[in-house]
Amino acid sequence: MNEAAARCGILIACTTGNGGNKMRRRVLKAGALALAGIVAGGRVRPATAQGAWPTRPIRLIVPYIPGSAPDVTARHVVDRMGAALGQPVVIENRGGAGGNIGNEIAARAAPDGYTLVLGTNAMLVLPQLHRRPVGYDPLRDFVPIVNLVAMPHLLIAPPDGPRSIAELIDGLRRQPGQPYASGGNGSGAHLAAEMFKAKAGVDAMHIPFRGAPDIVNNVMSGQVRFGLPTLSTATELVRSGRLRGLGVTSPQRNPALPDVPAIAETVPGFDLVSWFAILGPAGIPADIVRRVDEAARTALADPALRARIQADGTVVLGTPAARFAEFYRAEYTKWGEAVRLSGAQVD
């Protein structure tokens with residue numbers, strides 16, 4: 001085996017005949033999975049004899065409190081994943097520090113397939129937001145396995161406020177500095193709003209609150225001009241007319257609110273969506289990556305589960321490992337740009 005191949009974790013086999021062709025296909029598949037992990041920053045060990053993995057329950061660290069959106073998503077899929085894998089997948093909530101605590105525990109776990117993490121786009125934001133190291137490197141310390149769901153943000157206005165994105169932009173250009181609400185410095189709502197300001201060429205004053213309910217309440221009462229909470233937070237209020245939905249942050253309209261346009265229809269190229277995914281610690285074997293990926297996508301293929309998840313505007317993805325690895329690195333750059341635009345920093 002040459003040195004470069006060894007570093008990539010790819011086996012080189014010299015075989016002949018039909019059996020050799022099968023062996024070469026297995027080798028190439030293992031190599032592709034290994035390279036996918038390296039592209040994302042974390043390393044995947046090559047497919048090796050793992051025995052009867054899994055032989056005991058698998059821990060899924062959720063770096064947020066019970067009842068949070070990532071936790072609810074995880075609980076939607078773990079039972080079906082466990083059935084597919086032959087062992088239960090057990091959620092361990094390790095909330096705190098915006099997800100840093102759970103992420104750091106997962107990054108330091110043994111890469112044996114028995115510890116996974118429910119990752120979100122926040123795990124890419126936090127290291128770029130904090131002045132001090134957060135205890136993990138999202139590109140080096142994790143291997144992307146499967147992206148479960150996407151959660152667009154929704155540009156909302158008071159019920160008697162602007163009736164369209166174009167009207168909001170026009171008003172902000174005529175009267176710069178009007179206030180908007182976020183869920184706190186560096187939150188998804190804050191970064192989405194700063195990206196909107198930059199791409200639309202407008203100025204607005206940031207008013208940070210403690211979370212999405214505060215965004216909704218302050219927009220609904222007219223205390224601020226607009227906000228960008230996650231779509232699921234405001235779907236029912238828009239349907240009832242208590243809020244005005246101006247646009248979703250995904251490139252396409254969302255089936256939960258089909259009459260609300262995508263922001264990109266007015267501001268070309270706008271695309272900033274939160275997501276929840278499963279990742280493993282760097283060094284996790286490629287065959288375990290494959291099995292977890294397949295089990296999660298099998299769970300998400302259940303029609304009843306998909307309908308339940310998507311009722312509030314959450315989008316089921318099931319993006320497999322190789323494509324998710326490319327997306328993950330691109331997202332690191334995209335959310336980093338949003339952090340830079342916001343000017344937000346945390347000590």
Side-chain angles (χ1 to χ4, degrees), residues 62-76 95 98-99 118 120-122 125 148-162 165 168 179-196 204 206-263 270-277 306-317 335 338 342:
V62 175
Y64 303 94
I65 62 172
S68 61
D71 176 74
V72 171
T73 296
R75 292 179 192 280
H76 277 315
L118 196 288
T120 75
N121 50 287
V125 170
L148 301 174
V149 302
M151 190 170 288
H153 293 255
L154 177 65
L155 179 57
I156 56 173
D160 59 351
I165 297 171
L168 173 65
Y180 77 87
S182 86
N185 286 319
S187 65
H190 179 203
L191 301 182
E194 291 298 321
M195 185 70 79
F196 172 74
H206 177 217
I207 307 294
F209 291 97
R210 295 181 62 183
D214 289 335
I215 300 175
V216 168
N217 289 334
N218 280 276
V219 172
M220 198 158 45
S221 66
Q223 298 299 307
V224 295
R225 191 64 169 165
F226 69 95
L228 277 148
T230 52
L231 187 147
S232 60
T233 307
T235 301
E236 290 303 322
L237 292 169
V238 171
R239 287 173 177 162
S240 67
R242 298 174 66 192
L243 281 172
R244 184 165 281 167
L246 301 184
V248 294
T249 61
S250 51
Q252 301 86 26
R253 297 188 181 205
N254 189 281
L257 293 172
D259 295 330
V260 175
I263 294 175
F270 193 94
D271 175 13
L272 199 70
V273 175
S274 294
W275 45 265
F276 306 151
R306 293 177 71 91
R308 193 184 319 147
I309 292 174
Q310 296 188 145
D312 64 2
T314 303
V315 180
V316 173
L317 296 175
W335 285 98
S342 73

Undergrad: List the atom pairs, with distances to 0.1 Å, where a side-chain N or O of residues 208-217 and a protein N or O form a donor-acceptor pair under 3.5 Å, not counting sequence neighbours.
TA:
unit_1: Asp214; atom_1: OD2; unit_2: Arg210; atom_2: N; d: 3.2
unit_1: Asn217; atom_1: ND2; unit_2: Pro213; atom_2: O; d: 3.2

Undergrad: Does the side chain of Leu246 reach to within under 4.5 Å of the side chain of Pro162, using non-hydrogen atoms?
TA: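 Result yes, sub-4.5 Å side-chain heavy-atom pair found.
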Undergrad: Could you work out, with side chain to side chain contact (heavy atoms under 4.5 Å, CB included) as the rule, every residue matching Pro179, not counting sequence neighbours?
TA: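 In terms of side chain to side chain contact (heavy atoms under 4.5 Å, CB included), with neighbours along the sequence ignored, Pro179 is linked to Met205, Ile207, Val224.
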Undergrad: What do the steps show when you test Trp275 against Met151 for side chain to side chain contact (heavy atoms under 4.5 Å, CB included), and what is the final call?
TA: CA-CA 6 Å; Trp275 45 265; Met151 190 170 288; over 6 Å; no
Undergrad: Taking side chain as C-beta onward, heavy atoms only, is Pro158 less than 4.5 Å from Leu243?
TA: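 A side-chain contact under 4.5 Å is absent here.
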Undergrad: Does Arg75 have any side-chain hydrogen bond (donor to acceptor under 3.5 Å, both in side chains) partners at least two apart in sequence or in another chain, and if so, which?
TA: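 So Arg75 forms a side-chain hydrogen bond (donor to acceptor under 3.5 Å, both in side chains) with Asp71, Asn93.
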Undergrad: Without swapping roles, check the side chain of Ser68 against the backbone of Tyr64 for a donor-acceptor pair under 3.5 Å.
TA: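 Looks like no, no N/O pair under 3.5 Å.
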Undergrad: Thr73: what forms a side chain to side chain contact (heavy atoms under 4.5 Å, CB included) with it, not counting sequence neighbours?
TA: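 Scan of Thr73 (side chain to side chain contact (heavy atoms under 4.5 Å, CB included), adjacent residues dropped) gives Leu148, Val149, Phe276.
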Undergrad: Go through Leu168 and Phe196 one step at a time and tell me if the side chain to side chain contact (heavy atoms under 4.5 Å, CB included) criterion holds.
TA: CA-CA 11 Å; Leu168 173 65; Phe196 172 74; 4.1 Å; yes
Undergrad: Could you check Thr249 against Leu155 for side chain to side chain contact (heavy atoms under 4.5 Å, CB included), going step by step and ending with a plain yes or no?
TA: CA-CA 8 Å; Thr249 61; Leu155 179 57; over 6 Å; no
Undergrad: Which residues pass the side-chain hydrogen bond (donor to acceptor under 3.5 Å, both in side chains) test with Thr230, not counting sequence neighbours?
TA: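 Listed in chain order: Thr233.
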Undergrad: Kindly write out the residues that satisfy side-chain hydrogen bond (donor to acceptor under 3.5 Å, both in side chains) with Arg306, not counting sequence neighbours, or none if the list is empty.
TA: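 Partners of Arg306 by the side-chain hydrogen bond (donor to acceptor under 3.5 Å, both in side chains) criterion come out as none, since no residue qualifies.
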Undergrad: Taking the side chain as C-beta and beyond, is there a heavy-atom pair between His76 and Val72 under 4.5 Å?
TA: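 Heavy-atom side-chain distance check passes, below 4.5 Å.
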Undergrad: Under 3.5 Å, which donor-acceptor pairs do the side chains of residues 252-263 form with other protein atoms, sequence neighbours left out?
TA:
unit_1: Arg253; atom_1: NE; unit_2: Glu265; atom_2: OE2; d: 2.9
unit_1: Arg253; atom_1: NH1; unit_2: Pro258; atom_2: O; d: 3.2
unit_1: Arg253; atom_1: NH2; unit_2: Glu265; atom_2: OE1; d: 3.0
unit_1: Asn254; atom_1: OD1; unit_2: Ala256; atom_2: N; d: 2.9
unit_1: Asn254; atom_1: ND2; unit_2: Gly313; atom_2: O; d: 2.8

Undergrad: Where the side chain of His190 meets the backbone of Ser182, is there a donor-acceptor pair that is under 3.5 Å apart?
TA: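 Such a contact is absent between His190 side chain and Ser182 backbone.
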Undergrad: Output every pair passing salt bridge (Lys or Arg N to Asp or Glu O under 4.0 Å) with a member in residues 221-249, not counting sequence neighbours, ordered by first then second residue.
TA: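 Passing the test, one end in residues 221-249: Glu236-Arg239.
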Undergrad: My understanding is that only residues two or more places apart in sequence, or in another chain, count here; which of them pass side-chain hydrogen bond (donor to acceptor under 3.5 Å, both in side chains) with Thr314?
TA: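 In terms of side-chain hydrogen bond (donor to acceptor under 3.5 Å, both in side chains), with neighbours along the sequence ignored, Thr314 is linked to Asp312.
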Undergrad: How would you list, by chain and number, every residue that makes a ring-ring contact (aromatic ring centres under 6.0 Å, His included) with Tyr180, sequence neighbours excluded?
TA: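 Only His206, Phe226 meet the ring-ring contact (aromatic ring centres under 6.0 Å, His included) criterion with Tyr180.
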